[in-house]
Amino acid sequence: MSVVTRFAPSPTGFLHIGGARTALFNYLFAKHHGGQFLLRVEDTDRKRSTEEAMQAILHGMNWLELNWDGAETYQSQNADRHREVAEQLVADGNAYKCYCTPEELAEMREIAKNSGGGTRMYDGRWRDRDASEAPAGIDPVIRIKMPLEGETTIADLVQGDVTKANDTLDDFIILRSDGTPTYMLAVVVDDHDMGVTHAIRGDDHLNNAFRQLHLFKACGWDVPEFAHIPLIHGSDGAKLSKRHGALGVEAYEEMGILPEAMCNYLLRLGWSHGDDETISREQAIEWFNLDAVGRSPARFDMDKLLNLNAQYLKTADADTLAARVLADANAAGITVSPEAETRLVAGMPGLASRAKNTHELFELSHLYLVDAPIEMTEKARDSLTDAEARQTLKELAELLKKATSWGEAELDGIAREYAETRELKLGKVAQPLRAALTGSSVSPSIFEVMAVLGRDETLARLEFAAN
RNA sequence: GUCCCCAUCGUCUAGAGGCCUAGGACACCACCCUUUCAAGGUGGAGACACGGGUUCGAAACCCGUUGGGGAUACCA
């Protein structure tokens, strides 16, 4: 049997970290088994679902390259099918209509809470009543008949065997009084119709799994395998939620995080493969398994994400990175000449090893983006007020003009030789050079910068700074 | 309240009864490299929640305690 997984977000908010990880695990599991990964939008709560949230989720999935198979489906479009199943269940005697008023329900809940356990939230008062007793003027809901006694065990692929007494399971509502399905019914019907073999989802659904299992059985369907993965907590240890300042994945995108880094980080949160830390998508697909998913909740750690991001930045393709920098430049209203763009790509390795996110990369790139004369920071200007420093630059410029080739090694050699003849420390030469060439006191290796800038731009900047 | 789940450095984790004097990663500290800043290298500090069992031997297995989390809707 081929594996089919699905990610089933409800479009009531953005795609947050926990959801993204659930999607990733479902994706990886399906791909590992050569199966299918489906996306189903759970929009049965029409009041809370928004188009905006849905777009945010789709955008997040695309950004992380969690490509789903086929077109995404919308649960609300299967409402007719859900109602049919509910009615069939009633016809088969596995479900029944309940005419309770909200007041009656509230009363039952109150009793159950005060009883100290052993009492169900819904007492099943319409379970065996005849339809002829139905009061007029009340639209009934449909409830599923749950087993009255015994216990139910779920062989969860992550949590292991979990057993729950059946008397804690009440006859829950599957069809609302307005004829729309509840989540519980919709998931079961859709999972069955879509051929889902493995339901990998958050731990918060573990309790629901017991109810769903009986619903599957009442319908006479095979029950999918369940895998409940622990939730991701905020740094305070509580469930991630909007009020906790949990962010949507697009927020990380805006922070200049690379999607590969994000996925790698999410993968390591709750799943491990020995001591491996940096894991490519291909490697993840090959290695991913549910056995290695941890059972305890993990906390989100921005520092580690940033560290991973820095690593991906270092090995990322220069053109890809340049495109991100150019986008930032464009947003900042900086016009980049074709020469500057060439410099940017050439200088990328030296830049990338110094950045933790793409915005830092953009800031670091500034020295290549602009053309002479360049602006200077106060610190840089200060180091050039010294007459001796300016003299150094002038003398060095003369030597550089005579350079036969413009490679990093040659330039380095010229500067060192000059420093030696003048009996200066290399730093005394390099720092003014850095200020003049980059307009800053911090930059990649100054000889690398010179090589990337090229002869003309270098000499132009030197001349400007020396005067 | 009741039900369910969880418990190794600050954080993410390795650990399938002897390979554990508990390993790796992030963060932190020191040193090295060095033209600045990063990166990189080397080293350091830092954990088995507690109490009982089981066993020749428990971080690992069992029970309890404590702590944390989740669920308790005509939300998903």
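This is a predicted model, so every value here is computed, not measured. Chain letters run A, B, ... following the sequence lines, proteins first, then strands; residues in each count from 1.
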Q: List for me each residue that meets side-chain contact (heavy atoms from CB on, under 4.5 Å) alongside Leu321(A), sequence neighbours excluded, and say none if there are none.
A: Leu313(A), Ala316(A), Met348(A), Ala352(A), Leu361(A)

Q: Using a cut-off of under 3.5 Å, enumerate the N/O to N/O pairs linking the protein to nucleotides 18-28 of chain B.
A:
residue: G23(B); atom: N2; partner: Asp275(A); partner atom: OD1; Å: 2.9
residue: G24(B); atom: N2; partner: Glu277(A); partner atom: OE2; Å: 3.0
residue: A25(B); atom: O4'; partner: Glu277(A); partner atom: OE2; Å: 3.3
residue: A25(B); atom: N3; partner: Lys304(A); partner atom: NZ; Å: 3.0
residue: C26(B); atom: O3'; partner: Asn307(A); partner atom: ND2; Å: 3.3
residue: C26(B); atom: O2'; partner: Lys304(A); partner atom: N; Å: 3.4

Q: Apply side-chain contact (heavy atoms from CB on, under 4.5 Å) to Glu410(A) and list each qualifying residue two or more places apart in sequence or on a separate chain.
A: Ser405(A)

Q: Kindly write out the residues that satisfy salt bridge (Lys or Arg N to Asp or Glu O under 4.0 Å) with Arg21(A), not counting sequence neighbours, or none if the list is empty.
A: none

Q: Which residues in residues 142-163 of chain A have a heavy atom closer than 4.0 Å to any atom of RNA chain B?
A: Gln159(A), Val162(A), Thr163(A)

Q: By a strict heavy-atom criterion of less than 4.0 Å, which residues belonging to residues 73-87 of chain A are in contact with RNA chain B?
A: none

Q: With Glu42(A), which residues qualify under salt bridge (Lys or Arg N to Asp or Glu O under 4.0 Å), at least two apart?
A: Arg40(A)

Q: In Watson-Crick or G-U wobble terms, both distances under 3.5 Å, what is the partner of U2(B)?
A: A71(B)

Q: Given that both distances must come in under 3.5 Å, which nucleotide forms a Watson-Crick or G-U wobble pair with U65(B)?
A: A49(B)

Q: List the residues meeting salt bridge (Lys or Arg N to Asp or Glu O under 4.0 Å) with Arg6(A), not counting sequence neighbours, and say none if there are none.
A: Asp191(A)

Q: Can you tell me the Watson-Crick or wobble partner of G57(B), both distances under 3.5 angstrom?
A: none

Q: May I have all residue pairs that pass salt bridge (Lys or Arg N to Asp or Glu O under 4.0 Å) and include part of residues 255-274 of chain A, sequence neighbours excluded?
A: Arg268(A)-Glu277(A)

Q: Could you list the residues that satisfy side-chain hydrogen bond (donor to acceptor under 3.5 Å, both in side chains) with Arg48(A), not counting sequence neighbours?
A: Asp45(A)

Q: Would you please name every residue forming a side-chain hydrogen bond (donor to acceptor under 3.5 Å, both in side chains) with Thr153(A), sequence neighbours left out?
A: Thr163(A)

Q: Going by heavy atoms closer than 4.0 Å, what residues in residues 420-441 of chain A are next to RNA chain B?
A: Leu426(A), Gly427(A), Ala430(A), Gln431(A), Arg434(A), Ser441(A)

Q: With both distances kept under 3.5 Å, what pairs with A25(B), Watson-Crick or G-U wobble?
A: U11(B)

Q: Distance under 6.0 Å and angle within 45° of the ring axis: does Arg324(A) meet both against Phe362(A)?
A: no

